[in-house]
Amino acid sequence: MSDLSLNFVSKIERKQKQNIIIKTLMALASALNVKPSDLLKGSKGPASNRRKHVDLLSRQLYKLPEGE
């Protein structure tokens, strides 16, 4: 949904890719239906906030056609 590769997103999640351009941040935020500032909070935000984003991501993944 973000038009970013799974490998690229995985690196961001594992903090192997620390610096991303604003276009990438906007694409991720749009795909997750969150504000870009929510993504910038990272792991420093409250656990409930992280859980909300994980749940949102899971729901979006389940909507994908099988095999994607």
Side-chain angles (χ1 to χ4, degrees):
M1 294 173 72
S2 67
D3 289 327
L4 300 170
S5 74
L6 179 60
N7 185 43
F8 185 82
V9 174
S10 180
K11 286 180 180 179
I12 294 170
E13 291 174 333
R14 292 188 319 260
K15 298 183 181 181
Q16 292 178 342
K17 183 82 174 159
Q18 294 286 332
N19 298 313
I20 62 173
I21 61 174
I22 192 70
K23 181 179 176 182
T24 301
L25 177 68
M26 299 300 285
L28 287 171
S30 177
L32 294 170
N33 198 30
V34 297
K35 295 182 287 186
S37 61
D38 290 337
L39 297 177
L40 296 174
K41 293 175 187 172
S43 61
K44 295 179 184 175
S48 62
N49 195 28
R50 286 192 308 271
R51 182 75 227 158
K52 179 180 75 172
H53 290 172
V54 169
D55 290 343
L56 176 61
L57 178 58
S58 294
R59 286 193 302 274
Q60 295 297 331
L61 289 172
Y62 283 120
K63 291 179 184 178
L64 289 174
E66 191 170 326
E68 285 194 29

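If you're wondering where the values come from, they're calculated on a predicted model, not measured in any experiment.
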Indicate every side-chain donor-acceptor pair of residues 1-8 with a distance under 3.5 Å to a residue at least two apart or in another chain.
residue	atom	partner	partner atom	Å
Ser2	OG	Leu4	N	3.3
Ser5	OG	Phe8	N	3.0

*Please list, chain by chain and in numerical order, all residues satisfying side-chain hydrogen bond (donor to acceptor under 3.5 Å, both in side chains) with Ser30, sequence neighbours excluded.*
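side-chain hydrogen bond (donor to acceptor under 3.5 Å, both in side chains) check on Ser30 returns nothing, list empty.
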*Could you tell me which residues satisfy side chain to side chain contact (heavy atoms under 4.5 Å, CB included) with Leu57, sequence neighbours excluded, listed by chain and number?*
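Scan of Leu57 (side chain to side chain contact (heavy atoms under 4.5 Å, CB included), adjacent residues dropped) gives Glu13, Leu32, Leu61.
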*Using side chain to side chain contact (heavy atoms under 4.5 Å, CB included) as the criterion, list what pairs up with Lys35, not counting sequence neighbours.*
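Result, side chain to side chain contact (heavy atoms under 4.5 Å, CB included) vs Lys35: Ser37, Asp38.
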_Taking Ile22 as the starting point, is it possible to reach Leu28 by hopping between hydrophobic residues whose side chains are less than 4.5 Å apart?_
yes
